[in-house]
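Here the structure comes first, spelled out in structure tokens, and everything after it is commentary.
So that the names make sense, note that chain A is the first sequence line, chain B the second, and so on, each numbered from 1.
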Amino acid sequence: MNKKIIIRTLEKIALYMELQAENPFKVSAFRKAAAALEADERSLSEIDDITAIKGIGKGTASVIIELMEKGESSVLKELEGIVPKGLIPLMKLPGLGGKKLAKLYQELNIVDAETLKNACEAGKVRELAGFAAKTEEKILKELENFGTRAERLPIWQLEPVVLEINELLASLPEVELFSVAGSFRRVAETSKDIDFIVATKEYEVVREAIFKRLAILETVAAGDTKVSVVLDREEPVSVDFRLVKREEYATALHHFTGSKDHNVRMRQLAKSLGKKISEYGVEQEDGTIETFETEEAFFAHFNLPFIPPTVRESGKELDRLDELQDLITLDNIVADLHMHTTWSDGAHSVSEMGHALMEKGYSYAVITDHSQYLKVANGLTPERLELQKLDIYAFNKANPDFRLYRGTEMDILPDGTLDFEDDMLKDLDFVIASIHSSFTQSQDKIMARLKTAIENPYVHMIAHPTGRIVGQRGGYDPDVPLLIEWAAENGKILELNASPYRLDLSIEYLQLAMEKNVPIAINTDAHAIDQLRYMDMGVKYAQKAWLKKELIVNTWSREKFEAFIKKNKEK
DNA sequence: GCCGTTTTCGGCCCGACTGTTTTCAGTCG
């Protein structure tokens, strides 16, 4: 029996119980048991006493044991017999939870979207206690685009929206402080909505500006302190604004950054000290509310170091405080090793990119335009790559305090060969190999291609190793653990591509790479100057994997980097 | 259903908003 199946079954039981209007604490006990099992790093066979895990007791353990022994759960089976399957997806309709659905089922025999729609249209729903005309209309409206609207949007779709709102809020003199919060601030790959915390004395003015200056599709809520809107974008984007007083800003930001589990853990800690955390501050034992200038001060109040938003996830981060100092931060980054210029499909010249990199405060970088195979990207022939040298040398001559290295992002061709001859590669400072074609090949073929690249003495790094696009495509499905083995054996770098489209390698593989001591380079893959900003996102994503800074190539000094790139050539 | 330096009962994170009510339940984050 697979651990994931057990976790899903426990969650399913909770969901079905919710639809039975079961005691909410009992429901959450099943969810907690599922979460506890997930958080435990051991495999099933390594766990002797399942009830020893905090959050798993007699009841949930018996479900788990039954699943392990018989492969099914009688508890779930019984629930499935009582609760109609069609009710489950209806839980996703805004405004409908377990209790309301249970009532709809019991009183009106509503079992799925179809019967719900009919009941609403017949005016039956408004007759129930606790429901009325408005609820009925709302349900009908929600049913219209039920299933068509994306539930969670990928980070690359949200990032431009966040930038736009940042600009709006920064332009308002009435706004004292503001920040994005929620899962976007934690750099989640996908988010349900975007949260903003805004400190202001002028609620009215800020609210007006939001309504006036953003393209709003729908206003979901417009209370005193909460404004909730859906923006008119290619995909509709939900945005919540929380308007708070300056003194509440730090605790509000913490509260709405989450995660939920992190907040629960923090509240438990507060409670054990006789205090109470809310978005308005920390209530002390004597009932007074203490507020904080910054999130740092808030954590310090509990004797904690600043915990970066990116690692505020399961709550377990509070057990790893001594590792926080090893986490990579943007300050540690001195280089960017993957970018494009007008020589291939980039928007800016070598010199323009170089100056932008210097402005970032970096000390070196590598220009890595595409190779000849990638015709759609105007990939460089050996001849053009030779010519590009002149641009790079000229830049280096003019800017002696900075160093641009000559590189390439060379394609690994569908037939498994490389796009440039070794003689060509030998002449370059830094060679990236990557796959941009024939994604549907068998895993064996893909791995054979990657093996050729990784065993080539002149290749330094494999870029975006899985080829995935966040929330859109899975990539070419390599055997990543094996690739990590090979990288370790051959002393090669694997990339964390920082573009929000990619974030590749993903967290679980980054952790695996770290265990094997494989160096990781966080690169923007910028095709224009403004995309150099992705470094911040890449660094934060690396934090989520708890990557240690020593392993990150672009924290290395120029000397250390040069020693690394020379090593391969001398083989 | 789970848990325990408030330890086998009684609480479980906390508060806003909406729509329903006429003081509150349900939902949501």
Exercise. So does A/R126 pair up with A/E136, basic N to acidic O under 4.0 Å?
Worked result: yes

Exercise. For atom C1', what is the distance between B/dC17 and B/dG10, given to the nearest Å?
Worked result: 30 Å

For this session: Go through the steps to decide whether A/D525 and A/S499 satisfy the test side-chain hydrogen bond (donor to acceptor under 3.5 Å, both in side chains), and finish with yes or no.
Result: CA-CA 7 Å; A/D525 196 355; A/S499 161; over 6 Å; no

For this session: Scan A/A222 against the nucleic acid and name what it touches under 4.0 Å (heavy atoms): base, sugar-phosphate only, or nothing.
Result: sugar-phosphate

For this session: Could you state the atom-to-atom distance from CD of A/E18 to P of B/dG26 in whole Å?
Result: 12 Å

For this session: For the pair A/F178 and A/F196, name the ring-plane relationship: parallel under 30°, tilted 30 to 60°, perpendicular over 60°.
Result: tilted

Problem set entry | Separation between the C1' atoms of B/dC28 and B/dC13, rounded to whole Å | 14 Å

For this session: Identify whether any heavy atom of A/K138 sits under 4.0 Å from a base atom; if not, whether one sits that close to sugar-phosphate; answer base, sugar-phosphate or nothing.
Result: nothing

Problem set entry | Any A/Y280 side-chain N or O less than 4.0 Å from OP1/OP2 of B/dA16 | yes

Problem set entry | Residue matched to B/dT8 through Watson-Crick or wobble contacts both under 3.5 angstrom | none

For this session: Using a heavy-atom cut-off of under 4.0 Å over every strand shown, decide if A/G98 touches base, sugar-phosphate, or nothing.
Result: sugar-phosphate

For this session: Output yes when at least one side-chain N/O atom of A/K192 is less than 4.0 Å from OP1 or OP2 of B/dG29, else no.
Result: yes

Exercise. Contact class for A/N23 (heavy atom, under 4.0 Å): base, sugar-phosphate, or nothing?
Worked result: base

For this session: Have a look at A/F256 and say if it touches a base, only the backbone sugar-phosphate, or nothing, with a 4.0 Å heavy-atom cut-off.
Result: nothing

Problem set entry | Candidates B/dC2, B/dC14, B/dC13 - which lies nearest the side chain of A/V264 | B/dC13

For this session: Could you please name the option among B/dG29, B/dC12, B/dC17 that lies closest to any side-chain atom of A/A221?
Result: B/dC17

For this session: Ignoring backbone atoms, test whether A/T135 places a side-chain nitrogen or oxygen under 4.0 Å from the OP1 or OP2 oxygen of B/dT20.
Result: yes

Exercise. Expressed as a whole number of Å, how far does the P atom of B/dC2 sit from that of B/dT6?
Worked result: 23 Å

For this session: For A/T225, report the nucleic acid contact type (base, sugar-phosphate, nothing); a contact means any heavy atom under 4.0 Å.
Result: sugar-phosphate

Problem set entry | Salt-bridge present (A/R312, A/E317; N to O < 4.0 Å) | no

Problem set entry | Interatomic distance, A/K32 NZ vs B/dC3 P [rounded to whole Å] | 9 Å

Exercise. Between A/K99 and B/dG26, does any side-chain N or O lie under 4.0 Å from OP1 or OP2?
Worked result: yes

Exercise. With a 4.0 Å cut-off on heavy atoms, is A/I53 in touch with a base, just the backbone sugar-phosphate, or nothing at all?
Worked result: sugar-phosphate

For this session: Please state the C1' separation for the pair B/dT20 and B/dG26 - nearest whole angstrom.
Result: 10 Å

Exercise. Start at the 5' end of DNA chain B and walk down; is the nucleotide closest to A/Q268 or to A/D193 reached first?
Worked result: A/Q268

For this session: Measure from CZ on A/F302 to C1' on B/dC13 and round the result to the nearest Å.
Result: 13 Å

Problem set entry | B/dC2 OP1/OP2 closer than 4.0 Å to side-chain N/O of A/T60 | yes

For this session: Using whole Å, report how far CZ of A/R126 lies from C1' of B/dT20.
Result: 14 Å

For this session: Would you confirm whether A/T190, through its side chain, and A/P154, through its main-chain N or O, come within 3.5 Å as a donor-acceptor pair?
Result: no

Exercise. More 5' along DNA chain B: A/I277 or A/I56, using each one's nearest nucleotide?
Worked result: A/I56

Exercise. Taking atom C1' of B/dT18 as reference, at what distance in whole Å does atom NZ of A/K134 sit?
Worked result: 8 Å

Exercise. Whole Å only: how far is the CD atom of A/E137 from the C1' atom of B/dG19?
Worked result: 12 Å

Exercise. Do A/H254 and A/F299 make the cut of ring centroids closer than 6.0 angstrom?
Worked result: yes

Exercise. B/dG4, B/dC12, B/dG29: which one has an atom nearest the side-chain heavy atoms of A/K271?
Worked result: B/dC12

Problem set entry | Separation between the C1' atoms of B/dT23 and B/dT18, rounded to whole Å | 15 Å

Problem set entry | Separation of atom NZ in A/K92 from atom P in B/dC28, rounded to whole Å | 13 Å

Exercise. Across the strands shown, which category fits A/L93 at heavy-atom distances under 4.0 angstrom: base, sugar-phosphate, nothing?
Worked result: sugar-phosphate

Exercise. Side chain of A/F25: nearest nucleotide among B/dT27, B/dG11, B/dG1?
Worked result: B/dG1

Problem set entry | OP1 or OP2 of B/dG29 under 4.0 Å from side-chain N/O of A/K226 | no

Problem set entry | Charged N-O contact under 4.0 Å between A/K271 and A/E283 | no

Exercise. Rounded to whole angstrom units, what separation is found between the NE2 atom of A/H262 and the C1' atom of B/dC13?
Worked result: 13 Å

Exercise. Just checking, A/K226 and A/F241: is the charged tip under 6.0 Å from the six-membered ring centre and within 45° of the axis?
Worked result: no

